[in-house]
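The next block holds one structure in the form of structure tokens; read it before the comments.
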Amino acid sequence: MINQKIKEAITNYSDELTALRRKLHSEPELSFEEVKTTAFVCAYLDELGIPYRKTEPTGVIAEIKGAAGGKTVALRGDMDALSVEQLNTHVPYASKIEGKMHACGHDAHTSMLLIAAKALSDVKDELPGNVRLLFQPAEEIAQGAKAMVDQGAMDGVDNVFGIHIWSQMPTHKVSCTPGPSFAAADIFKVHFTGKGGHGAMPQDCIDAALVASSFVINVQTVVSRTIDPQQAAVLTVGKMEVGTRFNIIAENALIEGTVRTFNQDVRDQIETSISQYAKSVADMFGATAEVEYIRGTEPVINDEESANLVQQVATEAFGPDVVYDEKPTMGAEDFSFFLDKAPGSFALVGSGNPEKDTEWSHHHGNFDIDEDALVTGAELYAQYAWSYLNK
């Protein structure tokens with residue numbers, strides 16, 4: 001099932017692959033600001049003779065058409081960076097833009113997909129179908145995938161495959177298990193209104209700081225006491241704004257947090273419970289509560305057939321020891337919007353190497369990847385497409 005021409009091509013392109021990644025890493029752009037990155041991708045596709053169209057405001061949809069038509073498989077690579085200051089500035093490819101950095105590996109995803117496209121283009125006359133290339137913007141704000149879907153990215157697609165570089169896994173390892181992979185990610189906002197007044201006269205006031213503090217402490221029991229302990233769920237309060245001055249009792253408090261789940265019933269229960277807890281706490285103190293619950297990304301659930309194909313491809317391409325069983329993460333991925341339109345899977349490719357200091361967590365200023373993992377990712381993209389179309 002593995003195409004030896006693809007394997008040899010990607011090995012030959014390995015130096016170019018590293019150079020592409022380093023260029024992209026040094027010139028990071030934030031979500032929906034990937035103008036130069038989009039132009040760079042388009043210029044590269046022009047050199048390969050691969051037709052494409054831009055999406056708005058950024059992003060690229062390209063397609064390699066096989067000689068015989070047939071099925072269409074989509075490969076997705078995201079492009080955006082983060083508002084993170086790079087700390088490991090000693091590397092020669094460090095970010096040139098203050099306060100912006102590819103701290104999650106999307107530079108690797110884009111470069112791997114470009115080289116996979118080059119290798120697939122080399123064998124396009126042998127392809128029994130079509131390969132759609134999705135260079136996606138704005139994954140970090142969970143809006144880019146939906147924007148591309150709305151602009152036709154998944155029209156006519158039979159299967160979709162994505163990769164994420166993963167610093168928590170050893171370099172070259174590949175994980176893609178059937179079932180949950182990334183969690184649904186929601187946002188909740190709670191606004192408490194009390195009655196302000198002088199800090200020396202609490203009897204005349206309703207202290208919103210006290211209301212909010214009570215909520216923050218007690219809302220954790222939504223998970224610990226209302227959710228089946230065998231179901232995964234995380235509730236985090238990440239932001240709390242209350243009060244205006246040291247001697248004024250606060251009239252208003254704003255709390256913001258996130259909820260991560262895999263199961264829709266659990267998700268519904270937590271949404272309902274947050275609202276109940278907020279209103280009950282407010283009533284206890286004589287305050288009022290307004291709750292906003294925003295559903296973000298859906299969970300990424302790997303299709304069993306597709307995930308098994310990824311494992312088969314990885315084993316045949318790299319050997320049986322490469323397959324790794326990474327547990328699901330409560331992190332989120334807007335790849336779920338593509339999976340809403342077609343079956344598919346999302347794989348992790350390890351890039352953690354203590355000898356190269358690449359085990360830092362994603363979104364950290366010291367984040368980096370072991371560039372030896374780039375070839376693994378690029379070949380996995382291309383060989384998955386080849387194998388799926390030849391099933």
Side-chain angles (χ1 to χ4, degrees), residues 30-32 82-85 87 98-101 103 138 140-143 183-229 231-261 264-297 329-332 334 361-365:
L30 302 183
S31 300
F32 284 139
L82 286 155
S83 300
V84 172
E85 187 68 38
L87 299 179
E98 185 177 352
K100 299 179 184 180
M101 178 192 174
E140 295 293 357
I141 59 173
Q143 295 179 22
D186 300 333
I187 299 170
F188 66 88
K189 300 179 182 181
V190 182
H191 180 209
F192 291 109
T193 303
K195 182 181 178 183
H198 200 290
M201 302 173 187
Q203 73 278 10
D204 297 327
C205 308
I206 298 172
D207 191 347
L210 189 60
V211 180
S213 299
S214 180
F215 173 80
V216 170
I217 292 171
N218 286 285
V219 75
Q220 292 300 329
T221 60
V222 168
V223 173
S224 66
R225 287 298 178 269
T226 71
I227 301 302
D228 183 343
Q231 294 285 354
V234 172
L235 188 159
T236 296
V237 174
K239 182 178 180 181
M240 185 174 179
E241 294 180 352
V242 58
T244 57
R245 198 172 188 272
F246 75 95
N247 63 346
I248 297 175
I249 289 177
E251 183 159 334
N252 296 285
L254 177 64
I255 291 169
E256 297 182 6
T258 186
V259 172
R260 306 299 173 98
T261 55
Q264 292 295 345
D265 291 338
V266 171
R267 193 181 195 184
D268 294 341
Q269 174 63 42
I270 293 177
E271 178 180 358
T272 299
S273 295
I274 287 174
S275 183
Q276 291 174 342
Y277 271 58
K279 291 175 182 176
S280 295
V281 169
D283 288 343
M284 183 170 63
F285 289 95
T288 60
E290 296 179 6
V291 180
E292 182 181 8
Y293 194 95
I294 304 165
R295 298 216 171 195
T297 59
T329 174
M330 301 309 284
D334 72 351
S361 67
H362 294 252
H363 294 206
H364 192 282

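Worth saying up front: this structure is predicted, and the values here are computed from it rather than measured.
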Kindly give the heavy-atom pair with the smallest separation between [X] and [Y], and that separation in Å.
X      : Y      : result
Asp334 : Ala138 : OD2-O, 3.9 Å
Thr297 : Arg267 : O-NH2, 3.3 Å
Ser31  : Glu140 : OG-CB, 3.8 Å
Val211 : Val281 : O-CG1, 3.5 Å
Ile206 : Gly286 : CD1-O, 3.1 Å
Ala253 : Ala208 : CB-O, 3.8 Å

Have [X] and [Y] got a donor and an acceptor in their side chains that come within less than 3.5 Å?
X      : Y      : answer
Tyr277 : Asn218 : no
Glu271 : Ser275 : no
Asn247 : His198 : no

Is it true that a side-chain atom of [X] and a backbone atom of [Y] form a donor plus acceptor pair closer than 3.5 Å?
X      : Y      : value
Thr236 : Gly238 : no
Glu85  : Gly99  : yes
Ser214 : Leu210 : no
Arg260 : Ala233 : no
Gln220 : Leu235 : yes

A side-chain contact here means heavy atoms from C-beta on lying under 4.5 Å apart; do [X] and [Y] qualify?
X      : Y      : value
Val234 : Val223 : no
Tyr293 : Ile274 : yes
Phe32  : Gln143 : yes
His364 : Leu87  : yes

Subject >> Criterion side chain to side chain donor-acceptor pair (under 3.5 Å) on Gln269 and Ser273, from CA distance to verdict >> reply: CA-CA 6 Å; Gln269 174 63 42; Ser273 295; 2.8 Å; yes
**OP:** Using the side chain to side chain contact (heavy atoms under 4.5 Å, CB included) rule, take Glu251 and Cys205 through it: C-alpha gap first, then chi angles, then the decisive distance, then the call.
**Re:** CA-CA 8 Å; Glu251 183 159 334; Cys205 308; over 6 Å; no
Original post:
Distance from Asp228 atom CG to Asp265 atom CG, nearest 0.5 Å?
Top reply: 11.0 Å
**OP:** Supply the atom-to-atom distance Asn252 CG to Thr193 OG1, rounded to the nearest 0.5 angstrom.
**Re:** 5.0 Å
Subject >> Presence of salt bridge, Glu241 and Lys239, under 4.0 angstrom >> reply: yes
**OP:** Establish, yes or no, whether a centroid distance under 6.0 Å links the rings of Phe192 and Phe215.
**Re:** yes
